[in-house]
Enquirer: 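Input: one structure, supplied below.
Letters A, B, ... are given to chains in the order of the sequence lines, protein chains preceding strands, and every chain is numbered from 1.
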2 protein chains.
Amino acid sequence: MTDLADLRLTPQRMAVLEVLRAADDHPTAAEVYERVRRTSPRIGSATVYRTLSLLVSTGRALELNLGDGAAARYDANTCRHDHAVCDGCGRAVDLDHPVPDGMMAEIARRSGFAITGYDLQFRGMCPDCQANSSDPARAAGGTGPTVNTHAKGALHAEA
Amino acid sequence: MTDLADLRLTPQRMAVLEVLRAADDHPTAAEVYERVRRTSPRIGSATVYRTLSLLVSTGRALELNLGDGAAARYDANTCRHDHAVCDGCGRAVDLDHPVPDGMMAEIARRSGFAITGYDLQFRGMCPDCQANSSDPARAAGGTGPTVNTHAKGALHAEA
DNA sequence: AGTGATACTGAGATTCGTTCTCAACCAGTG
DNA sequence: CACTGGTTGAGAACGAATCTCAGTATCACT
Ligand SMILES: [Zn+2]
Ligand SMILES: [Zn+2]
Ligand SMILES: [Zn+2]
Ligand SMILES: [Zn+2]
């Protein structure tokens with residue numbers, strides 16, 4: 001990967017990068033901020049946001065938009081990978097799955113696009129939340145996330 | 001609170017649904033609001049947001065989170081389909097392509113998740129923006145024309 | 001008609017994530 | 001030492017989306 005030579009390695013940036021590298025989950029910027037403050041209490045949130053986008057734009061981190069409209073998440077695992085997102089607890093686990101190369105070529109051919117990449121997330125229930133599906137209490141460590149209402153109804157006109 | 005079995009087809013909801021059905025792009029809530037106001041000037045944005053999520057939760061529209069951190073987009077085409085998003089102009093075109101069923105089963109098996117669905121967006125340059133790529137107005141994304149996974153540019157002092 | 005129950009609306013306030021502004025703060029260079 | 005340019009941090013500002021709540025519309029039953 002790109003080396004850090006072209007970056008000014010300030011203590012704040014170092015702290016952010018270390019927090020991100022130590023994270024096994026996929027923390028949001030706010031979570032990174034919170035963790036960085038434990039070792040660098042004087043850091044400002046603007047610096048964390050700035051550093052995260054710097055890391056992303058230089059290929060040292062990935063920004064994940066898991067599609068639920070929530071905050072962006074950051075991933076120090078820069079190898080191309082996709083995620084499975086739990087509708088219950090919001091956890092996102094890494095997927096190391098084979099991507100059919102022919103599929104992207106086919107899409108490019110049929111759409112006329114010059115495809116440069118793709119984002120793919122699976123959604124479902126993680127094993128923990130499947131076990132606790134009848135229990136309204138949160139799974140271990142779960143940050144009360146997305147209440148997914150899949151109720152169906154019918155619009156009926158009376159006029 | 002609201003029992004979805006008791007839904008009324010009010011003029012406001014009618015107007016939102018018609019705007020969405022008439023849209024060939026994938027408008028954001030703000031764009032839907034703007035268009036609805038042309039025929040229903042008294043409508044409030046809260047009603048538009050409420051109606052859109054109502055349409056989504058009752059299966060009459062899809063909410064798209066195209067992953068660039070921008071606003072959600074809405075789609076009256078409720079058939080399962082994916083999108084190709086242009087890094088140049090932001091346009092999102094529908095893709096009608098088959099995703100191998102075996103892939104989802106494999107993901108489910110390996111992750112332990114109970115997979116209920118997936119979100120997939122391709123990114124790249126649409127034909128129009130490819131033609132105008134000689135114009136150095138803006139080339140925010142990677143300029144690589146071939147299949148390249150999330151090419152990251154060198155760090156440039158971001159404005 | 002009237003009455004009450006319930007759903008819906010719209011204006012504004014509020015929340016949340018993120019970016020911007022700007023004075024102060026280093027780190028180099030001469 | 002002063003100069004210069006990148007960096008920081010506090011708070012303001014921003015855009016998207018939701019919430020609050022009083023007022024309105026529509027229903028069921030008389
Ligand atoms: Zn879960
Ligand atoms: Zn990951
Ligand atoms: Zn384009
Ligand atoms: Zn579509």
Enquirer: How is A:Ala72 classified with respect to the nucleic acid when contacts are heavy atoms under 4.0 Å: base, sugar-phosphate, or nothing?
Expert: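 A:Ala72: backbone/sugar contact only, no base atoms under 4.0 Å.
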Enquirer: Rounded to whole angstrom units, what separation is found between the CZ atom of B:Arg13 and the C1' atom of C:dA7?
Expert: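 For the pair B:Arg13 CZ and C:dA7 C1', the rounded distance is 8 Å.
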Enquirer: Quick one: the side chain of A:Arg8 and the base of C:dG28, do they pair up donor-acceptor inside 3.5 Å?
Expert: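 Checked by distance alone, the answer is no.
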Enquirer: Using heavy atoms to find the nearest nucleotide of DNA chain D for B:Pro11 and B:Arg50 separately, return the residue whose nucleotide is more 5′.
Expert: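 The residue whose closest nucleotide sits nearer the 5' end is B:Arg50.
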Enquirer: What is the ring orientation for B:Tyr118 with A:Phe122, classed by angle as parallel under 30°, tilted 30 to 60°, or perpendicular over 60°?
Expert: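 Because their plane-to-plane angle lies in the 30° to 60° range, the rings of B:Tyr118 and A:Phe122 count as tilted.
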Enquirer: To the nearest Å, give me how far apart CE (A:Met14) and C1' (D:dT7) are.
Expert: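 After rounding, the reported distance stands at 17 Å.
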Enquirer: So, does A:Thr47 get its side chain near the phosphate of D:dT8, meaning an N or O under 4.0 Å from OP1 or OP2?
Expert: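 For A:Thr47, the contact criterion (side-chain N or O under 4.0 Å from OP1 or OP2 of D:dT8) is not met.
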Enquirer: Anything under 30° is parallel, anything over 60° is perpendicular, the rest tilted; go ahead and classify A:His26 against A:His83.
Expert: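 Perpendicular, since the angle between the ring planes exceeds 60°.
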Enquirer: In whole Å, what is the span from the CG atom of B:Leu9 to the C1' atom of C:dC8?
Expert: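 Roughly 13 Å, once rounded to whole Å.
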Enquirer: Could you tell me the separation between the CZ atom of A:Arg73 and the P atom of C:dT18, rounded to a whole number of Å?
Expert: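 These atoms are roughly 11 Å apart.
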Enquirer: Checking side chain to side chain contact (heavy atoms under 4.5 Å, CB included) against A:Met14, which of A:Val19, A:Leu9, A:Thr51 comes through?
Expert: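 Only match with A:Met14 under side chain to side chain contact (heavy atoms under 4.5 Å, CB included): A:Leu9.
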Enquirer: Can you tell me how far P of D:dA25 sits from CD1 of B:Ile43, to the nearest Å?
Expert: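 From B:Ile43 CD1 to D:dA25 P: 15 Å.
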Enquirer: What's B:Ala46 touching, base or sugar-phosphate or nothing? Going by heavy atoms closer than 4.0 Å.
Expert: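 Base: the residue B:Ala46, judged by heavy atoms under 4.0 Å, touches a nucleobase.
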Enquirer: Just to confirm, is there a sub-4.0 Å distance from OP1 or OP2 of C:dT9 to any side-chain nitrogen or oxygen of B:Thr10?
Expert: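 It does, given that an N or O in the side chain of B:Thr10 lies less than 4.0 Å from OP1 or OP2 of C:dT9.
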Enquirer: Between atom CD in A:Glu34 and atom C1' in C:dC16, what is the gap in whole Å?
Expert: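 About 16 Å, once rounded to whole Å.
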Enquirer: On DNA chain D, nearest-nucleotide positions of A:Thr51 versus B:Ser53: which is more 5'?
Expert: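 Result of the comparison: A:Thr51.
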Enquirer: For B:Arg42 and C:dG12, what is the distance between atoms CZ and C1' respectively, to the nearest whole Å?
Expert: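 B:Arg42 atom CZ is separated from C:dG12 atom C1' by 14 Å.
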Enquirer: Are more than 12 heavy atoms from other residues, nucleotides or ligands located less than 6.0 Å from atom CZ of A:Arg42?
Expert: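 Check fails, neighbour count at 12 or below.
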Enquirer: So, does B:Gln12 get its side chain near the phosphate of D:dA25, meaning an N or O under 4.0 Å from OP1 or OP2?
Expert: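 The answer is no; no side-chain N or O of B:Gln12 sits under 4.0 Å from OP1 or OP2.
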Enquirer: Using a distance-only test with no angle check, is there a side-chain donor-acceptor pair under 3.5 angstrom linking A:Thr10 and A:Arg8?
Expert: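 Not at all, the side chains of A:Thr10 and A:Arg8 share no donor-acceptor pair under 3.5 Å.
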Enquirer: Check this one for me: any side-chain N or O of A:Tyr49 less than 4.0 Å away from OP1 or OP2 of C:dT19?
Expert: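 The answer is no; no side-chain N or O of A:Tyr49 sits under 4.0 Å from OP1 or OP2.
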Enquirer: Distance check needed: C:dG17 C1' versus A:Leu66 CG, whole Å only.
Expert: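 So the CG-C1' distance, A:Leu66 to C:dG17, works out to 15 Å.
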